[in-house]
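Please read the structure below before turning to the comments.
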2 protein chains.
Amino acid sequence: MAKATIEEVANLAGVSPSSVSRSLRDVGGVSAKTTERVRAAAEQLGYSASPAASRLATGRTGTLAIVMPNLTRWFFAELLGGVEQVVREAGLDLLVHNLGDTETRQGYFSSGLLRKRVDGVLLVTLALTEPEIDALMALDVPVCMVGTDVESFSSIRIDDVQSASTAVRHLVNLGHRRIGLISGAPDEPMHYTVPVHRRLGYRAALEAAGIPADRDLEVHGDFTIRGGDEATTQLLGQGELPTAIFAESDEMAFGALRALRRVGLQVPADISVIGFDDHPMAEYFDLTTISQDVREQGRQVAQQLVAAVSRPDGAPVRRLHAPTRLVVRGTTAVLGAEPRRAPSLAGNRTVPGQGAQHQSPDKGRRGSGPPALARQSATDQKERRGQRPLAT
Amino acid sequence: MAKATIEEVANLAGVSPSSVSRSLRDVGGVSAKTTERVRAAAEQLGYSASPAASRLATGRTGTLAIVMPNLTRWFFAELLGGVEQVVREAGLDLLVHNLGDTETRQGYFSSGLLRKRVDGVLLVTLALTEPEIDALMALDVPVCMVGTDVESFSSIRIDDVQSASTAVRHLVNLGHRRIGLISGAPDEPMHYTVPVHRRLGYRAALEAAGIPADRDLEVHGDFTIRGGDEATTQLLGQGELPTAIFAESDEMAFGALRALRRVGLQVPADISVIGFDDHPMAEYFDLTTISQDVREQGRQVAQQLVAAVSRPDGAPVRRLHAPTRLVVRGTTAVLGAEPRRAPSLAGNRTVPGQGAQHQSPDKGRRGSGPPALARQSATDQKERRGQRPLAT
DNA sequence: GCGGCAGGCGCAAGCGCTTGCGGTCCTTTT
DNA sequence: AAAAGGACCGCAAGCGCTTGCGCCTGCCGC
């Protein structure tokens, strides 16, 4: 029953294969009556068209590929979830390619692995080299990106620079002036742009606040818990302590919390910590952070790609920015505030709702510097109040 | 250059398309010299065969599908990582299908979504109903499963019953007799077997130790942090407190730790907690747990499936058990031991290496009850010593 | 030196679908 | 009422590859 061919359906319905084909895909040209008969026959035979054959005949593969540098880290898994949903609902297949290690990536785009195989490609967090861009364009299918962008392709990503600035500005507004940075991968095996941008945002915020840069305050954490831990230890080992730390990812912030706790520093009484991403565990740690809706980004970029592949003329390139918001929780506090009760990082209270939150000012506001900062200040305060968790 | 056809290659090489086809896939029947010429021509044209065409001609799709109930939870993402690697290295494509909600699952297997589309299917953690099994068999392709098993298909999974028993036995051996259980999904939307089995293991271990069952000690946690938190609160709210808790997943154990800390109970001085899975965060929380190598399970099952699809005669059904091991960390202690220093759940020390660990006795040792228990006891002690973390 | 054998190679027939083109037949339009 | 126009439908030619089957060499054995 699974192997019925279009001809059998045609015979059963008493029509030609052409009509079967046409009715089943409801392109026009078939009367309602015939369509109905065909439908019934197909149903009866459990018929579904062979993808291989129709691909060959139409030249369209009905398949999209998503290419990611990692599958297991939260960000990527979450994104994949959003993408998969949209793609499935569009009736397309999704191929997953993981460029885990540098060797796999090496030559991946020029190898014909994607050629004639997909109608569209989704690139995640991959900053492309020139030859890679060329190879992709040679594929002659729509390409969308998330997390990074290049001129030629549609993309969606957060504004890492602005968002990182928002995070640091939050600390500045709390009175901090000695702010450490824990950044991601120092050597960029995958050409990540994220650490670069978030660092730029950090420096920009400091500069805007008139705080001189101090390179000793910038350490590397490798985007992992352990890395954040070690980076923090390094930060604590040198001269004057920072009063606040901005970690470029929540995972590294977790590591920082652990390191701080180990040496007996209390958060946020002695030192404030802010992360980035709003990892599911961040709420657990009551970590102040920059939140982004990763799944939604996945959905959006997938929709964009789906739309692009289904329109014969090339779709217009659209480079979107996804919003971020500052989520103030319990790991940041006003500098020098009297210590509250004994610090406890892990859930001595819960954050019930979302509280008042804030769309980061990352669209169409470039270069409006000082006023933005002032406004930001006010916003932070409001959020903080709105966010104040209830005791459970 | 990307759209070269086999005929063009043939012309350039001065041979027939047949010879091109044969040389490029090195089936025999072509002289070395010709093969060489063809290779060169193909190279020059950047030729790669159209998958659609060869699929149609051969009837093989070169594609595998992995069907999972979730993509974003750590376990599934990790598994997918292992599977993807093997499948890619085998030169096959991987389709990912997420049966996130019950509606999506409803009728998924009977809908022709997989029909004529894949050479093999990988089912993750899905307990199948009879009609679903039938629909899968009707696909007439190899099917492998991980996390659950049925008679007809190859599979790999841990022995949830034995492993849960090991966890609880560990607590028993530490002197605990009042042991709470936080179990997974009570209503089984996806027909999970995991919570059922782990609970069976829990009960079996208690029974083996002569401890009477107490249904009040069994609460539901939904496999989430929050669920574990709430379940623990529930557990604490009723009569005599347990002295130890077995959570069926690490996430729920994290929630339990939070709940305990909130009410001021110290772990492990006042109460011991053991989890299950060895989630990456478990080390961070210094959580004693049952460890399984999820990625490796993914690799193995993928290898099995790859082997099955590439052999024309049906591959033999093999139902494997993956090993688990008890990893003793800092959240479990001897009942009534004098309190150690002030408890601190979040990383006041690190666990540097793996320490001495233990293959759970889940292969070929069924029914060897008491001796196993005795041995287990000894082993536990040794592990505990070997595992003792160093201060950093 | 001749029959036979086998390795190399090309022919052509598909694989199962889609689609341009034309043929019917039934409505409209004039 | 005749002609023009549609609406429907089938024919057949592909889509680009694989593969069974013959043919043609060259080479071996007797």
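Any value given below was found using the heavy atoms of this structure, including those in side chains, with hydrogens, waters and symmetry copies removed. In what follows, every chain begins at residue 1, and chains take the letters A, B, ... in the order their sequences are listed. Quick caveat: nothing in here was measured; it's all calculated off a predicted structure.
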> Given atom CG of B/L56 and atom C1' of D/dG14, what is their separation to the nearest angstrom?
Replying inline: 12 Å
> Would A/S31 and A/T34 count as having a side-chain donor-acceptor pair, cut-off 3.5 Å?
Replying inline: yes
> Taking CD from B/E7 and P from C/dA12, how many angstroms apart are they, rounded to a whole number?
Replying inline: 13 Å
> NZ of A/K33 versus P of D/dC9: gap in Å, rounded?
Replying inline: 8 Å
> So what is the end-to-end bend of the helix from C/dG1-D/dC30 to C/dT30-D/dA1, with 5 pairs used at each end and the value given to 10 degrees?
Replying inline: 30°
> For the side chain of A/S18 and the base of C/dT19, is some donor closer than 3.5 Å to an acceptor across the two?
Replying inline: yes
> Between C/dG10, D/dT19, D/dC9, which one does the side chain of A/T34 approach most closely?
Replying inline: D/dC9
> Between the side chains of A/S21 and A/R25, does any donor sit under 3.5 Å from an acceptor?
Replying inline: yes
> With a non-hydrogen cut-off below 4.0 angstrom, is B/V15 in contact with a base, only sugar-phosphate, or nothing?
Replying inline: sugar-phosphate
>> Here's a test of your reading of the structure: between B/A57 and B/S31, which maps to the more 5' nucleotide of DNA chain C?
In response: B/S31
> Between A/R22 (CZ) and D/dC9 (P), how many Å, whole number?
Replying inline: 9 Å
> Any idea which of D/dC17, C/dC17, C/dT18 is nearest the B/K116 side chain?
Replying inline: C/dC17
> In terms of side-chain heavy atoms of A/Y47, which of C/dC17, D/dC17, D/dG10 is nearest?
Replying inline: C/dC17
> Could you give the CD1-to-C1' distance, from B/I6 to C/dC11, as a whole number of Å?
Replying inline: 14 Å
>> Looking at C/dC9, I'd like to know if its phosphate oxygens (OP1 or OP2) sit under 4.0 Å from a side-chain N or O belonging to B/S19.
In response: no
> Using a distance-only test with no angle check, is there a side-chain donor-acceptor pair under 3.5 angstrom linking B/Q300 and B/E296?
Replying inline: yes
> Do A/E8 and A/T5 have side-chain atoms, one donor and one acceptor, less than 3.5 Å apart?
Replying inline: no
>> Side chain of A/A49, heavy atoms from C-beta onward: which of C/dC17, D/dC9, C/dG10 has the nearest atom to it?
In response: C/dC17
>> The side chain of A/T58 is closest to which nucleotide in this list: D/dC11, D/dC17, C/dT18?
In response: C/dT18
> Quick one: which of D/dT19, D/dC9, D/dC17 gets closest to the side chain of B/A53?
Replying inline: D/dC17
>> In this structure, how many angstroms lie between the P atom of D/dC9 and the CG atom of A/L24, rounded?
In response: 14 Å
>> Without decimals, in angstroms, what is the distance between A/R55 CZ and C/dC17 P?
In response: 13 Å
> Which atom names give the shortest non-hydrogen contact between B/V317 and B/E151, and what distance separates them?
Replying inline: CG1-O, 3.8 Å
